Amino acid sequence: MYVVVVVLSLLLAVVVSGLVARVLRLPVPLVQIAIGALFAAFGPITAPLDPSVFFLLFLPPLLFLDGWRIPKDELARDAGTVIELALGLVIFTVIGVGYFVHWLVPPVPLAVAFALAAIVSPTDPVAVSAIARRAPIPRRMVRILQGEALLNDASGLVCMRFAVAAALTGAFSLPAALRTFVYLLVASVAIGVAGTWLVMKLRTLLVVRFGDDSGSEILVSLLLPFGLYLLAEFANASGILAAATAGLTMGVVQSARVSAVTRIRSRVVWDMIQFAANGVMFVLLGEQIPTIMLADTNPIEGVGSLLLDVAAIVAVLAVLRFVWVFASLWLTRLRHGRRDAMPRARLVVAMSLAGVRGAVTLAGIFTLPVLMNDGTPFPARDLAIVLAAGVIVFSLVIASLLLPPMLRGLDFAEPSREDEEDRARVVAAEAAIHAVESAASDGRDATAKARLSIVDFYRERIARASQRIEAGADAGQAVADERELWLSALAAERSAVLALRQRHAIDDRTTQKLVREIDLTEARYAGK
């Protein structure tokens, strides 16, 4: 009963945080952390953070969904930059921050400092998206940050595993670490790709043989990341990387035989899971921070000195990220033949501020062992937890204050996709017309009229798309004007239907059907 009450309380906190954030115009993650802290300080209900349970419940579905929805062609276009950030930057951060923490706080052994640096290296794109909602992030920047986050969680946790092993044994073998890293990479990717491919093939066969069942299809997609995560962990690989790889694979091998109803319902279910899981993660984070900060875990330094240490670590993280992002963007421009084009300073600063740490960092630092192999306490464990929690809060606050103005008006140069979309509409419409005209007809007038009506619909779509293609540069404004008119028309249409229901001119079933049709059409134009 207690567990049920805790879960319901966390979900209620997520709902309240959204309302408070809209009223106060604050980033949602900061509001959720504050509510979690209030729960810990004054609430009768608390939710202790078990790292293994946290990783299993939250990371597989969220990473899977990110990998599933990220545009694969656009990710491939920026694959070099993403890999440089997700792998190279993590190693660069571990080395730089590890030595700095050991120098700044001598009681932290070098191996433990490397473990702390490894766990604060992964970024949290959820926090960045929520913080920057007031100033929309350029699409290409979002894509790069999402791709980085898909991989750097795994690489950061792998580096932490090596550092903890060195702390426990007192030795570090680079060849052994490289062999382990290669095994983790190959095994995790193989499990994610092969597992997803097999499940999708089996599901396609079942759909062809027995038909589509929306509930079962959605449940399979929900269970898949958890199953592959557990399988990878059982094989001593990275469950996080397996779940992310499964999401990327899902976007490629997903069967076209799945019905439109299943796809619509699946998106709604996954959107709700993403919303709830992201919110609960930050509420749980907020619940842990007061206990960590108020505990007498550091007899060597006072609170003021700890805050200075945290601020110094955050500053070093930002500087290292700035240097790496600048070098990465510069090399990317060189690869594309732009030898005289230096990265814009504001772009590099924005990418550096976007390196916000989140709940994954806190859960990861809690996985530090309590005891050494000889039974003695793990050195500086509590201090490392305090520093990691401070880095999370500091990075969130700094990004909340500086990232929105830094992003305002910032954009990557990207080619327009309107012509590409219109040409695809023409090809699709021509294929539909061919299918309708090729259909067998029994010669009845009703059939001929129906066929003519459908063909006219598609011919009108071809004409409109062709006009936009020919309009060229003026097409963008035409599309925007059309979108605004459509939204106004659909809003009026919905109001008229609801007014008819209030006058009892139509029943509930008719109202629901008409409103759903209007909503689907509005979603199409609102999402442009």
Side-chain angles (χ1 to χ4, degrees), residues 49-56 58-60 63 83 86-99 101-102 108-124 148-192 228-245 317 357-374 377-385 387-388 391:
L49 182 63
D50 185 335
S52 60
V53 175
F54 179 89
F55 282 139
L56 175 60
F58 294 101
L59 292 191
L63 292 176
I83 293 175
L87 300 179
L89 179 56
V90 168
I91 297 174
F92 186 57
T93 301
V94 170
I95 296 173
V97 175
Y99 279 112
V101 169
H102 180 60
V108 180
L110 185 59
V112 179
F114 282 144
L116 173 61
I119 200 57
V120 298
S121 60
T123 55
D124 192 322
E148 176 192 3
L150 279 175
L151 298 177
N152 67 11
D153 282 339
S155 57
L157 293 174
V158 168
C159 290
M160 179 185 174
R161 181 186 298 185
F162 294 150
V164 170
L168 293 174
T169 61
F172 176 76
S173 171
L174 182 59
L178 290 176
R179 286 194 300 269
T180 303
F181 182 79
V182 170
Y183 169 77
L184 286 172
L185 180 63
V186 174
S188 303
V189 171
I191 290 173
L228 295 179
Y229 177 93
L230 292 173
L231 180 60
E233 292 294 320
F234 179 77
N236 291 322
S238 171
I240 292 175
L241 186 55
T245 306
L317 283 169
R357 277 66 189 176
V360 174
T361 293
L362 188 65
I365 201 68
F366 270 110
T367 62
L368 287 176
V370 178
L371 300 175
M372 299 286 287
N373 291 337
D374 58 3
F378 191 85
R381 181 181 188 272
D382 292 337
L383 180 55
I385 293 175
L387 293 174
V391 167

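When a residue number appears, it is its place in the shown sequence, counting from 1. This one's a predicted model, so the numbers in the text were calculated from it and none came from an experiment.
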Asker: Which atoms form the tightest heavy-atom contact between L184 and L241, and what is the distance?
Answerer: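 What the structure gives for the nearest pair is O-CD2, 4.4 Å.
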Asker: Quick check for you: to the nearest 0.5 Å, what is the distance between L87 atom CG and E148 atom CD?
Answerer: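 It is 10.0 Å, given to the nearest 0.5 Å.
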Asker: For A388 and L116, work out which heavy atoms get closest and say how close.
Answerer: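 What the structure gives for the nearest pair is CB-CD1, 3.9 Å.
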Asker: Is R381 reaching over with its side chain to a backbone N or O of F366, donor-acceptor style, under 3.5 angstrom?
Answerer: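 Yes, because the side chain of R381 sits within donor-acceptor range (under 3.5 Å) of the backbone of F366.
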Asker: If we only count heavy atoms from C-beta on, is the L317 to V120 side-chain gap below 4.5 Å?
Answerer: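 Contact flag for L317/V120 side chains = yes.
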Asker: In a table with atom names and distances, give each donor-acceptor pair under 3.5 Å that connects a side chain of residues 155-168 to protein atoms at least two apart or in another chain.
Answerer:
unit_1 : atom_1 : unit_2 : atom_2 : d
S155   : OG     : A86    : O      : 2.9
S155   : OG     : L151   : O      : 3.3
S155   : OG     : N152   : O      : 3.2

Asker: Within this structure, what is the CD1-CD1 distance for the pair I365 and I119, rounded to the nearest 0.5 Å?
Answerer: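 One finds 6.0 Å between CD1 of I365 and CD1 of I119.
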Asker: Just checking Y99: does its OH atom have more than 12 heavy atoms from other residues, nucleotides or ligands closer to it than 6.0 angstrom?
Answerer: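 12 or below, so no.
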Asker: Write down the atom of A237, the atom of S188, and the distance for their closest heavy-atom approach.
Answerer: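 Minimum heavy-atom separation between A237 and S188: CB-OG, 3.4 Å.
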Asker: Suppose we screen for side-chain contact (heavy atoms from CB on, under 4.5 Å). Which residues come up paired with L56, at least two apart in sequence or across chains?
Answerer: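 So L56 forms a side-chain contact (heavy atoms from CB on, under 4.5 Å) with F226, Y229, L230.
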Asker: Can you list everything that forms a side-chain contact (heavy atoms from CB on, under 4.5 Å) with A235? Sequence neighbours excluded, please.
Answerer: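 A235 satisfies side-chain contact (heavy atoms from CB on, under 4.5 Å) with Y183, I191 once adjacent residues are dropped.
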Asker: For V90 versus S121, what's the shortest heavy-atom pair and its separation?
Answerer: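 It is CG1-OG, 3.7 Å.
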Asker: Is there side-chain contact between I95 and I91, with at least one heavy-atom pair below 4.5 Å?
Answerer: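 They are in contact (side-chain heavy atoms under 4.5 Å apart), so the answer is yes.
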Asker: Grab the two heavy atoms, one from F378 and one from M372, that are nearest each other, plus how far apart they are.
Answerer: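 Result for this residue pair: CD1-SD, 3.6 Å.
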Asker: Search all heavy atoms of L368 against all heavy atoms of A384 and return the closest pair with its distance.
Answerer: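 The answer is CD1-CB, 4.0 Å.
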